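Count residues from 1 along the sequence. All of these numbers come straight from a predicted model, not from anything done at the bench.
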Amino acid sequence: MALKSNAPDGDIQTAWTRHKFHNLKLVNPANRRKFKIIIVGSGLAGSSAAASLGEMGYNVDCFCVQDSPRRAHSIAAQGGINSSKNYPNDGDSVYRLFYDTVKGGDYRSRERNVYRLAEVSANIIDQCVAQGVPFAREYSGYLANRSFGGAQVSRTFYAKGQTGQQLLLGAYSALSRQIKAGTVTMHTRSEMLDLVKVDGTARGIITRDLKTGKVSRHAGDAVLLCTGGYGNVFYLSTNAMNSNATAAWRCHKKGAFFANPCYTQIHPTCIPVSGDHQSKLTLMSESLRNDGRVWVPKKKGDNRKAREIPENERFYYLEEKYPAFGNLVPRDVASRNAKNAYDDGLGVNGKEQVYLDFADAIKREGEDAIRAKYGNLFDMYQRITGESPYEMPMRIYPAVHYTMGGLWVDYNLQSTIPGLFVLGEANFSDHGANRLGASALMQGLADGYFVAPYTVSGYLGSTTLDKVTTDHPAFQEAEKDVDDKNTKLLSVNGKKSVDDFHRKLGKLMWNHCGMARNEEGLKKLITELAALREDFWKNVAVVGAKEDLNVTLEKAGRVADFIELGELMARDALNRKESCGGHFREESVDTGEFAGEAMRNDEDFAYVSAWEFQGVGNDQTLHKEELEFEHCKPTKRSYK
């Protein structure tokens with residue numbers, strides 16, 4: 001199957017405007033009420049899409065696993081949201097944001113999608129301000145900006161350390177208005193367990209009510225998947241524990257290609273693992289690297305307290321290695337260097353941790369100023385660790401945070417299944433092999449507010465769809481598949497808990513497909529994951545009943561999907577014999593001027609890997625979308 005991006009030709013600066021006019025048909029306002037759109041997920045991408053399409057007059061059914069859209073994981077985002085407004089007048093522009101994003105992704109993203117993202121980013125800020133999002137402001141009243149990794153300008157708008165929460169509340173207010181108006185019907189505590197296809201087109205979903213266990217059918221004219229990423233395949237991550245890949249993976253098994261699954265982001269500033277009892281990790285915002293300085297002791301085995309180590313015995317490794325960007329290098333670079341420091345025996349107290357020190361900033365600006373910027377983050381850190389960042393450095397270490405891979409989509413955000421659109425982190429489209437900080441919120445809201453309303457309308461306006469009800473045989477078949485899988489899980493009657501399998505999966509993935517990968521380890525991982533999958537279906541213990549609240553059954557279905565997804569991630573990582581962004585192959589390391597840095601292979605791997613499902617345990621079919629670079633010519637990605 002040839003993958004077509006459907007991106008418009010011609011001047012990139014007018015491409016999106018021309019595409020909307022020439023290629024996307026409109027739906028008359030009086031006809032929009034005739035269409036039903038299903039949206040799965042209520043984070044920033046899902047809530048904004050549901051609110052926008054409801055406002056346009058479409059009938060929208062929105063589903064989420066939480067008890068309220070306000071509890072979607074977007075709420076956990078801390079540091080900010082990028083935009084090309086250039087309020088500080090420091091040289092930013094749409095083109096610079098576009099270039100920084102392509103370069104930050106190590107030249108593994110589709111140029112025209114990224115330019116559109118940069119183009120609409122300014123509209124996002126206007127939209128959110130109009131909704132009442134309380135962005136930080138200067139004394140003058142102007143909106144404030146701060147810096148994030150991979151950029152030499154200040155383009156990040158923020159609401160203290162609670163930006164995701166405030167943006168989500170803004171989107172939720174718009175969504176609530178449409179719920180009140182009757183254009184959006186909200187289905188909380190409902191999990192999508194299968195996609196329904198009729199004549200090859202997405203026409204509905206099968207869901208399970210997480211409170212009652214009831215399985216239901218829902219028909220529509222288009223399905224929008226806004227379910228986030230798959231970082232919890234590693235078990236320990238900064239994601240909420242109920243974040244999962246089941247909806248996306250079930251769509252993949254129905255024919256949606258999965259793109260670049262090996263591209264996972266390791267965030268450099270997280271609270272380190274403290275023991276086997278943990279079920280998740282805690283993010284410390286990248287914004288902290290504006291004022292915090294990253295360092296480790298220069299001497300191996302130096303177990304003195306941080307304040308007892310003099311300045312000349314500290315290794316500020318990011319500042320020394322990357323003087324142009326310092327502590328604000330991109331996340332993949334910062335994370336690899338933290339790992340290198342630990343591997344060289346320089347970890348704080350011999351453990352997987354480095355210091356993030358605010359002493360200089362407090363001395364320069366005063367404690368009150370730092371408290372105004374980061375107070376809630378400092379309080380969170382102190383509650384968890386018992387240590388005050390005002391008095392001693394934070395101890396941090398990289399952890400899984402985000403996934404750049406996802407379902408393949410074209411320029412219209414449509415997957416390889418007609419009628420199935422994928423928004424936000426659930427798709428692969430904008431970030432290449434590494435996402436820049438503060439760009440996730442930007443993408444989610446761009447897709448929901450300013451892209452999907454046009455492209456979904458274009459699909460509905462140009463496609464003849466027969467009327468389909470939930471009595472159609474395709475719905476009966478999909479519901480039976482869901483019921484059969486749940487029955488199978490309950491009938492195993494094994495002795496090992498679901499969490500036991502999830503922990504084993506996470507350790508395998510982290511050890512062999514985490515910050516560093518190599519051929520030997522990935523081949524071993526593929527073998528061990530196949531054995532883990534077999535063991536799961538023989539020995540997992542799932543108690544309770546289908547027709548009731550059953551958290552164990554929920555988790556079992558998700559972990560079964562995670563194991564299968566882990567196998568694909570390993571195969572994709574093995575296939576990509578280069579280092580790029582968050583995908584670091586130990587066999588592909590620069591030995592020249594940029595010794596130790598990731599080394600791409602543009603001649604052989606400048607493409608999107610899009611995998612087609614061929615059955616559980618079988619090798620998937622690789623399809624390639626060749627990437628073209630007209631404006632951002634691939635060069636050595638240097639931040640020195």
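- Checked against salt bridge (charged side-chain N to carboxylate O under 4.0 Å, His left out), Glu111 has no partners two or more places apart in sequence or in another chain.
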Could you list the donor-acceptor pairs under 3.5 angstrom formed between side-chain atoms of residues 438-445 and any protein atom two or more places apart in sequence or on another chain?
residue: Ser439; atom: OG; partner: Asn82; partner atom: ND2; Å: 3.0
residue: Gln443; atom: OE1; partner: Tyr402; partner atom: OH; Å: 3.4
residue: Gln443; atom: OE1; partner: His431; partner atom: NE2; Å: 2.9
residue: Gln443; atom: NE2; partner: Gly424; partner atom: O; Å: 3.1
residue: Gln443; atom: NE2; partner: Asn427; partner atom: OD1; Å: 3.0
residue: Gln443; atom: NE2; partner: Asp447; partner atom: OD2; Å: 3.4

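- With hydrogens and angles left out, the side-chain atoms of Arg112 and Ser5 include no donor and acceptor closer than 3.5 Å.
- Applying the side-chain contact (heavy atoms from CB on, under 4.5 Å) rule to Ser173 yields no partners; only residues at least two apart in sequence or on another chain are considered.
- Residues that satisfy the side-chain hydrogen bond (donor to acceptor under 3.5 Å, both in side chains) test with Lys34, not counting sequence neighbours, are Asn31.
- Remark: Lys103 pairs with Tyr99, Tyr107, Arg637, Tyr639 by the side-chain contact (heavy atoms from CB on, under 4.5 Å) rule, at least two apart or across chains.
- Residues forming a side-chain hydrogen bond (donor to acceptor under 3.5 Å, both in side chains) with Arg217 (at least two apart in sequence, or on another chain): Glu479.
- Residues satisfying the side-chain hydrogen bond (donor to acceptor under 3.5 Å, both in side chains) criterion with Gln127, sequence neighbours excluded, are absent altogether.
- A side-chain N or O of Gln265 and one of Asn434 form a donor-acceptor pair less than 3.5 Å apart.
- His19 and Asn412 share a side-chain donor-acceptor pair at under 3.5 Å.
- Remark: Arg33 engages no residue in a salt bridge (charged side-chain N to carboxylate O under 4.0 Å, His left out) (not counting sequence neighbours).
- In this structure, His187 and Phe63 have parallel ring planes: the angle between them is below the 30° cut-off, well short of the 60° mark.
- Judged purely by distance below 3.5 Å, without hydrogens or angles, the side chains of Ser190 and Asp209 never pair a donor atom with an acceptor atom.
- For Arg435, there are no salt bridge (charged side-chain N to carboxylate O under 4.0 Å, His left out) partners at least two apart in sequence or on another chain.
- Side-chain contact annotation: Gln620 with His252, donor-acceptor N/O pair under 3.5 Å present.
- Judged as a side-chain hydrogen bond (donor to acceptor under 3.5 Å, both in side chains), and not counting sequence neighbours, the contacts of Glu286 are Arg289, Arg331.
- For Arg576 and Tyr607, the positive end sits near the middle of the six-membered ring, less than 6.0 Å away and at most 45° from its axis.
- Every residue meeting the side-chain contact (heavy atoms from CB on, under 4.5 Å) condition with Thr246, not counting sequence neighbours, appears here in chain and number order: Glu191, Leu193, Asn244, Arg250, Arg558, Asp561.
- Using a 4.0 Å cut-off between charged side-chain N and carboxylate O, Arg189 and Asp67 make no salt bridge.
- When side chains are defined from C-beta on, Phe428 counts as touching Glu625, because their heavy atoms get closer than 4.5 Å.
- Ring orientation note: the planes of Tyr95 and Phe98 are nearly perpendicular, at an angle over 60° on the 30°/60° scale.
- Between Tyr263 and His583, the ring-plane angle classifies as tilted under the 30° and 60° cut-offs.
- By the 4.5 Å heavy-atom criterion applied to side chains, Gln414 and Pro418 are counted as neighbours.
- Residues that satisfy the side-chain contact (heavy atoms from CB on, under 4.5 Å) test with Lys480, not counting sequence neighbours, are Asp484.
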